[in-house]
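All remarks here apply to the structure that follows.
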Amino acid sequence: MIRSGRSKSVFARLEHAAAWLLAILWLSPLIYAFWSAFHPAEYAIRFELFAPLTLENFRIAWDQAPFARYFVNTFMLVTSILVAQFVLCTLAAYAFARFDFYGKSVAFVFVLMQLMIMPEVLIVENYSTMAKLNLVDTITGVGLPYMASAFGIFLLRQTFKTIPKELEDAARVEGCSLIQILLKVYVPLARPTYVAYGLVSVSYHWNNFLWPLVITNSVDTRPLTVGLAIFGAPESGVEWSIITAGTLLAVAPLLVAFLLFQRQFVQSFMHAGIK
Amino acid sequence: MTRRSTMMSVYGWLLFAPAAIFLIAFTYYPTLATLAKSFYSQGTALRPAEFVGLENFEYMLDDDVFWQVAWNNLIYAIGTIPVSIALAILMALWVNGKLPLKSLARMAYFTPTILPMIAVANIWLFFYTPDIGLIDQISRLFGFPSHNWLGDPSTVLGCIIVITIWKEAGFFMIFYLAALQSVSPELEEAAKLEGASRWYFFRRVLFHILMPTTLFVLINAVINSFKLVDQLFILTKGGPDNASSLLLYYIYEVAFSFLDQAYASTLTVVLLVVLALIAVGQFVFLDKRVHYQ
């Protein structure tokens with residue numbers, strides 16, 4: 001009995017060690033990025049405990065590429081997509097949750113199709129569309145294909161369906177119009193879903209690369225990811241420590257937000273995944 | 001009554017209309033247009049595009065690069081999906097169990113999810129660099145010769161697979177964690193009292209409870225294996241000699257580097273067919289397997 005207890009605890013300790021080893025392995029790219037970015041270039045590949053610290057790499061990175069402009073672009077892109085998604089998905093979700101309209105189930109299947117055929121797959125044709133609309137190299141052009149999101153519609157519909165119909169009836173008796181009911185009953189009660197969806201959407205579009213790469217071609221529209229790809233391309237010949245500093249600059253806002261609101265982030269992704 | 005239901009119909013469509021317009025413009029129309037374009041030749045300033053039937057598809061079947069990227073994509077899927085799902089389950093079990101400082105471990109596992117692929121590819125590029133890169137520095141300590149990981153066709157795809165697993169596993173962990181948190185602790189207690197080992201408990205009980213989650217994650221993982229190509233832009237550009245190129249990356253190259261939209265559309269049709277098959281499979285499979293929960 002005692003022996004089996006001890007061997008169990010040895011096994012448990014080994015298991016914990018494995019779990020932590022994996023965690024360190026998982027963090028190692030980030031740890032390395034911090035190391036290289038905060039030390040002079042000659043320490044980028046030499047690891048000495050007392051290597052001098054510096055912020056020089058960040059200054060050089062900031063001067064070499066228009067990061068400030070990229071930040072503004074990404075910020076505008078992410079907010080415009082989020083606002084449009086909230087409006088479009090709320091309206092559509094309300095329709096699917098509470099209205100019996102003609103052709104509803106067929107329409108819903110069509111909406112769900114977008115979960116499979118994401119905008120990434122249609123870059124070729126969407127590029128021609130943007131060219132026809134004269135929206136190539138505009139932030140609107142980057143955002144448009146993502147604004148009606150099947151994922152958002154589905155998520156909000158599920159939430160709206162759980163809201164008791166009596167609340168809506170009560171609001172109607174008090175003389176609220178359709179839009180007022182939506183804004184005063186449904187939207188406030190679905191707040192956790194909006195937070196969850198918002199976080200998922202912001203992290204997705206902050207990090208999105210392929211479509212923005214295709215559709216933008218100037219500093220004025222490029223988001224951070226595309227700017228970073230050009231800045232860090234091996235053929236650009238920029239030093240490691242400067243590339244890692246630039247990389248950290250680009251991920252900093254999201255990383256800081258994640259570290260501060262870790263629980264909220266994890267729960268949002270969970271919430272969004274379960275529905 | 002009928003008037004009311006007509007009103008419902010009108011309101012319903014009015015509410016759905018804005019989203020519907022966007023979906024039509026940027027999902028359904030381009031899907032159909034892609035299909036149509038795959039039957040036309042690439043037009044030039046002098047010669048407008050003309051109907052060529054299946055010529056683009058015949059060209060595709062003769063295109064060695066197409067077969068290479070299709071094969072690569074298959075290996076990429078087989079290489080990433082099972083490992084990232086297995087790791088995700090392990091991570092979730094650890095983080096849900098008695099691991100010391102488990103919220104810190106959870107953070108470590110999840111962090112890759114919120115970092116842009118393009119940024120982490122920059123860092124991984126350094127790991128893989130021959131001689132001075134981290135992997136070579138470590139393997140030298142054990143007496144292995146230096147290796148050009150990304151320059152060797154036999155290792156390059158493996159390197160890409162490793163990054164994708166690293167990026168995905170923590171994301172999938174979240175869904176398993178959510179599922180595990182809904183399992184009542186009494187279940188495990190009961191199994192323990194009955195003398196079941198942890199492995200037995202996992203195989204006979206947990207594994208089945210997690211089945212719907214696994215299917216959900218599996219579908220996401222399959223889609224990702226056709227969608228996640230960002231790292232190629234930094235690490236390999238599909239090289240050497242297309243050894244690491246994937247279908248979506250090849251589509252990008254054909255459309256925007258070789259400027260052959262007709263052939264890019266043809267390749268996109270293949271991708272759309274694959275995704276449609278996944279969708280159909282999902283319907284059939286989900287109906288059969290998930291309902292016993």
Side-chain angles (χ1 to χ4, degrees), chain A residues 16 19-20 23 26-27 29-30 32-33 45 88-89 91-92 94-95 99-102 104 107 111 114 116-126 129 144-145 147-148 153 178 203 206-207 209-210 214 225 228-229 232 234 240 243-244 247 250-251 254-255 258 262 265-266 269-270 273-274, chain B residues 5 8-9 11-13 15-16 18-19 22-23 25-27 30-31 33-34 94 99-100 105-112 114-120 122-124 126-127 132 134 166 170 174-175 177-178 223 227 229-230 233-234 248 251-252 255-256 261 264-265 268 271-272 275 278-279:
Chain A
H16 292 166
W20 272 104
W26 244 238
L27 274 185
L30 203 59
Y32 169 72
I45 53 166
L88 292 174
C89 297
L91 295 176
Y94 187 38
F99 290 83
D100 274 321
F101 58 89
Y102 183 73
K104 178 174 160 178
V111 169
Q114 200 219 21
M116 285 286 160
I117 309 175
M118 311 115 329
E120 281 76 20
V121 180
L122 298 165
I123 46 173
V124 181
E125 204 49 52
N126 276 341
T129 306
L144 275 178
M147 287 179 176
I153 295 174
L178 217 76
S203 11
W206 192 284
N207 296 341
F209 174 70
L210 184 58
V214 166
T225 44
L228 189 65
W240 273 117
I243 290 177
T244 48
T247 305
V251 302
L254 212 55
L255 194 64
F258 168 64
Q262 202 212 126
F265 260 88
V266 171
F269 276 81
M270 243 186 228
I274 299 167
Chain B
S5 73
M8 286 286 266
S9 229
Y11 282 137
W13 273 108
L15 288 166
F16 176 45
F22 275 80
L23 286 171
F26 302 109
T27 303
T31 305
T34 302
W94 280 336
L99 186 70
R106 187 184 63 184
M107 184 209 78
Y109 296 149
F110 188 70
T111 304
I114 57 140
L115 300 176
M117 190 58 129
I118 217 71
V120 297
N122 274 333
I123 306 170
W124 277 91
F126 171 73
F127 281 17
I132 59 165
L134 203 63
W166 172 81
I174 293 297
F175 304 114
L177 202 52
I223 296 176
K227 201 178 80 171
V229 298
D230 294 0
F233 286 86
I234 293 280
L248 186 56
I251 291 173
Y252 166 84
F256 300 104
Q261 295 226 347
S265 298
T268 306
L271 191 51
L272 288 170
L275 291 172
I278 298 168

B/Leu271, B/Thr27, B/Ile251 screened by side-chain contact (heavy atoms from CB on, under 4.5 Å) with A/Val121, the one that passes | B/Leu271

Is there a side-chain contact between [X] and [Y] in this structure, where contact means two heavy atoms from C-beta onward sitting under 4.5 Å apart?
| X | Y | result |
| --- | --- | --- |
| B/Pro18 | A/Leu91 | yes |
| A/Leu122 | B/Phe26 | no |
| B/Pro30 | A/Asn126 | yes |

Name the region of [X], side chain, backbone, both or neither, that has any atom closer than 4.5 Å to a heavy atom of chain A.
| X | value |
| --- | --- |
| B/Trp166 | both |
| B/Ile114 | both |
| B/Trp13 | both |
| B/Tyr109 | both |

Toward chain B, the part of [X] with a non-hydrogen atom under 4.5 Å:
| X | result |
| --- | --- |
| A/Ala250 | neither |
| A/Thr129 | side chain |
| A/Pro119 | neither |

With sequence neighbours excluded, tell me which residues meet side-chain hydrogen bond (donor to acceptor under 3.5 Å, both in side chains) with A/Thr244.
->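 Counting only residues at least two positions away or on another chain, A/Thr244 forms a side-chain hydrogen bond (donor to acceptor under 3.5 Å, both in side chains) with A/Ser36.
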
Those residues that, when tested against A/Ala92, pass side chain to side chain contact (heavy atoms under 4.5 Å, CB included) (two or more places apart) |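 Expected list: A/Ile153, B/Phe16, B/Ala19.
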
What's the verdict on ring-ring contact (aromatic ring centres under 6.0 Å, His included) for B/Tyr11 and A/Phe101, showing C-alpha distance, side-chain angles and the deciding distance?
-> CA-CA 8 Å; B/Tyr11 282 137; A/Phe101 58 89; over 10 Å; no

Which residue out of [options] racks up the most heavy-atom pairs below 4.5 Å with chain A?
| options | answer |
| --- | --- |
| B/Leu177, B/Val120, B/Leu275 | B/Leu275 |
| B/Ala264, B/Ala279, B/Ala25 | B/Ala279 |
| B/Ser265, B/Ala119, B/Ala255 | B/Ala119 |

Tell me whether the centres of the aromatic rings in B/Phe233 and A/Phe209 are closer together than 6.0 Å.
-> yes

From B/Leu272 atom CG to A/Met116 atom CE, the distance as rounded to the nearest 0.5 Å = 12.0 Å

